[in-house]
Amino acid sequence: MNYKGKADVLLGLQWGDEGKGKVVDVLTPRYDVIARFQGGPNAGHTLEFENQKYVLRSIPSGIFQGDKVNVIGNGVVLAPDLFMEEAKNLEKSGHELRSRLHISKKAHLIMPTHRLLDAALEAAKGAGKVGTTGKGIGPTYTDKVSRNGLRVGDIFEDFDQKYAALKARHEQMLSSLGYTEYNIDEVEKKWLEGIEYLRTFPIVDSEHEVNKYLREGKNILCEGAQGTMLDVDFGSYPFVTSSNTICAGACTGLGIGPNRIGRVFGIMKAYCTRVGAGPFPTELFDETGATIRQIGHEYGAVTGRERRCGWIDLVALRYSIMVNGVTNLIMMKSDVLDGFDTIKACVAYRYKGQEIDFFPYNIEHDIEPVYVELPGWKTDMTTLTAEEQFPKQFADYIKFLEEQLETPISIISIGPDREQTIIRNL
């Protein structure tokens, strides 16, 4: 088959929350189709433009550009009630969805009992809690890989029987966990309303549709959720999400062959954050960490939880660039560091008495970051409009990062608005 179009991939390189939604929105005019390839409504993509703020959970971030097709791919897990709430809010703000939002038949459904299982399983772990968002993501992916899941396409075929059977299975599991004090009547009622609402959207064989677009010469931007360090295979296991957040996940999450992938955009912050439990080598527990959190408004878009904050980790970033095949870097929230006298960057780890520059199997214990200190730029960059206006210290910071990571930084964000974006070399 003669394919004329390419699928570029955009994903996070840290522990999520890197600002993927804003960049997808900025890049969307260059593409015909925006396709989300994994994750669920635990991922909140925040966008700000025209004095409005939007938080997307499941809907691709290209939805605000009216002439683009947006696809929720088979790798996504979808909660009908939360999807309905999200979509209706967008419709209220004047964004028409049904003509340009297509949903894969093979995407799995998050049931109300999946959320109960999430809570029950997390409680059973005691001190070893992962720190999930409680949205039912893990149990839904568990059902998927154990071949028990309920998919979007099932809503058109014997749905009531399939739903009742899986619900009964979940209730048996909850009973075995001693989790019996619950009432999901109201949640289930809204969930079933969400199912009816879902029926009003184009439900498609997304793998056929996506490949048809590529054959027609259309270009696709594949949008990931969370970040590389939360990948179920390559992240800080077991403190990870339940899907493949890396570039390979775009192939399995959309049905695209690896030879169709074009550029891979890797997004990072100028510092680092993490939500939930798990190791975080460069985490700051002092006033500096609190200052970064305050200036950067580092609170979860979906959960509102405080994000843990720390200096940029170049060891983890080199690892992320490697496993994703990143071709272009995108640096977010540079402006958050505008007021610092000095900036630190972790260039190696001290691990079990040795200095290493690679990401080891386990980063839970015996990891101490080795820092390089660089001068801060002490300049308000939020009003700058061109690279030529960058203070020398910031230009030097960019050069330092590019040398360390051996990858060009192509886009730099200096504020939350879509206009506060400087494109260097795309």
Side-chain angles (χ1 to χ4, degrees), residues 15-16 38-44 57-58 75-86 107-152 154-155 159-195 225-226 230-233 235-245 274-279 300-306 308 364:
W15 276 281
Q38 51 73 226
N42 56 337
R57 296 181 176 192
S58 299
V76 174
V77 289
L78 193 66
D81 51 344
L82 299 181
F83 169 78
M84 175 175 67
E85 180 184 295
E86 179 182 346
H108 279 247
L109 293 170
I110 303 170
M111 293 169 50
T113 42
H114 279 132
R115 292 173 202 156
L116 294 175
L117 281 167
D118 206 347
L121 291 165
E122 186 77 343
K125 288 177 180 173
K129 289 180 181 179
V130 173
T132 77
T133 58
K135 302 293 182 186
I137 311 299
T140 306
Y141 277 113
T142 299
D143 273 348
K144 175 179 178 175
V145 297
S146 65
R147 304 180 298 280
N148 290 295
L150 195 64
R151 300 188 292 177
V152 171
D154 290 325
I155 68 177
F159 173 70
D160 291 343
Q161 298 93 308
K162 290 176 181 176
Y163 174 70
L166 189 51
K167 178 185 173 184
R169 183 174 184 272
H170 289 167
E171 288 174 333
Q172 188 176 27
M173 293 168 68
L174 288 164
S175 178
S176 69
L177 289 165
Y179 202 87
T180 54
E181 297 297 319
Y182 60 84
N183 185 334
I184 60 167
D185 290 349
E186 284 303 310
V187 174
E188 186 177 51
K189 181 181 176 183
K190 186 179 177 186
W191 190 88
L192 291 170
E193 286 177 21
I195 290 290
Q226 288 94 29
L230 293 176
D231 183 272
V232 69
D233 282 293
S236 52
Y237 192 89
F239 301 96
V240 294
T241 194
S242 301
S243 58
N244 283 117
T245 61
R274 177 166 194 162
V275 173
V302 170
T303 63
R305 288 189 294 180
E306 279 191 358
R308 300 153 63 191
E364 277 193 71

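The residues of the chain are indexed from 1 along the displayed sequence. Every value quoted in this text rests on a predicted model; they were computed, and no experiment measured them.
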Counting only heavy atoms from other residues, nucleotides and ligands, does the tally under 6.0 Å from CD of Gln172 exceed 12?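 Atom CD in Gln172 is not crowded, with 12 or fewer foreign heavy atoms closer than 6.0 Å.
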Looking at Phe159, I want to see if its CZ is surrounded by more than 12 non-hydrogen atoms of other residues, nucleotides or ligands under 6.0 Å.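 Atom CZ in Phe159 is crowded, with more than 12 foreign heavy atoms closer than 6.0 Å.
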What's the shortest heavy-atom distance between [X] and [Y], and which atoms?
| X | Y | answer |
| --- | --- | --- |
| Ala79 | Arg115 | CB-NH2, 3.4 Å |
| Pro80 | Ile195 | CG-CD1, 3.6 Å |
| Gln38 | Ser243 | NE2-OG, 2.9 Å |
| Phe239 | Gly278 | CG-CA, 3.4 Å |
| Gly136 | Ile110 | O-CG2, 4.1 Å |
| Leu230 | Val240 | O-CB, 3.3 Å |

Quick one: does [X]'s side chain get under 4.5 Å of [Y]'s, heavy atoms only?
| X | Y | result |
| --- | --- | --- |
| Ile155 | Leu109 | yes |
| Pro238 | Glu364 | yes |
| Thr180 | Leu174 | no |

Per-pair distances, 0.1 Å, donor-acceptor, side chain in residues 182-190, under 3.5 Å, sequence neighbours excluded:
from	atom 1	to	atom 2	distance (Å)
Asn183	OD1	Asp185	N	2.9
Glu188	OE1	Lys167	NZ	3.4
Glu188	OE2	Tyr163	OH	2.6
Glu188	OE2	Lys167	NZ	2.9
Lys190	NZ	Glu85	OE1	3.0

Separation of [Y] [atom2] from [X] [atom1] (nearest 0.5 Å):
| X | Y | atom1 | atom2 | value |
| --- | --- | --- | --- | --- |
| Ile137 | Asp118 | CD1 | CG | 7.5 Å |
| Asp81 | Glu86 | CG | CD | 11.5 Å |
| Glu171 | Leu166 | CD | CG | 10.5 Å |

Listed by chain and number, what are the side chain to side chain donor-acceptor pair (under 3.5 Å) partners of Thr113, not counting sequence neighbours?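 Thr113 satisfies side chain to side chain donor-acceptor pair (under 3.5 Å) with His170 once adjacent residues are dropped.
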Listed partners of Thr140 passing side chain to side chain donor-acceptor pair (under 3.5 Å), at least two apart: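 Per chain and number, Thr140 pairs via side chain to side chain donor-acceptor pair (under 3.5 Å) with His114.
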Kindly determine whether Trp15 and Arg308 satisfy side chain to side chain contact (heavy atoms under 4.5 Å, CB included), including the steps that lead there. CA-CA 10 Å; Trp15 276 281; Arg308 300 153 63 191; over 6 Å; no
Just distance, no hydrogens or angles: give the donor-acceptor pairs under 3.5 Å from side chains in residues 144-152, sequence neighbours left out.
from	atom 1	to	atom 2	distance (Å)
Ser146	OG	Thr142	O	2.9
Ser146	OG	Asp143	O	3.3
Ser146	OG	Asn148	ND2	3.0
Asn148	ND2	Ser146	O	3.1

If we ignore hydrogens and angles and just use 3.5 Å, is the side chain of Gln226 paired with the main-chain N or O of Thr245 as donor and acceptor?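 Not a single qualifying donor-acceptor pair exists.
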Once ring-ring contact (aromatic ring centres under 6.0 Å, His included) is applied, do any residues pair with Tyr141, and if so which ones, sequence neighbours excluded?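 Applying ring-ring contact (aromatic ring centres under 6.0 Å, His included) to Tyr141 gives none.
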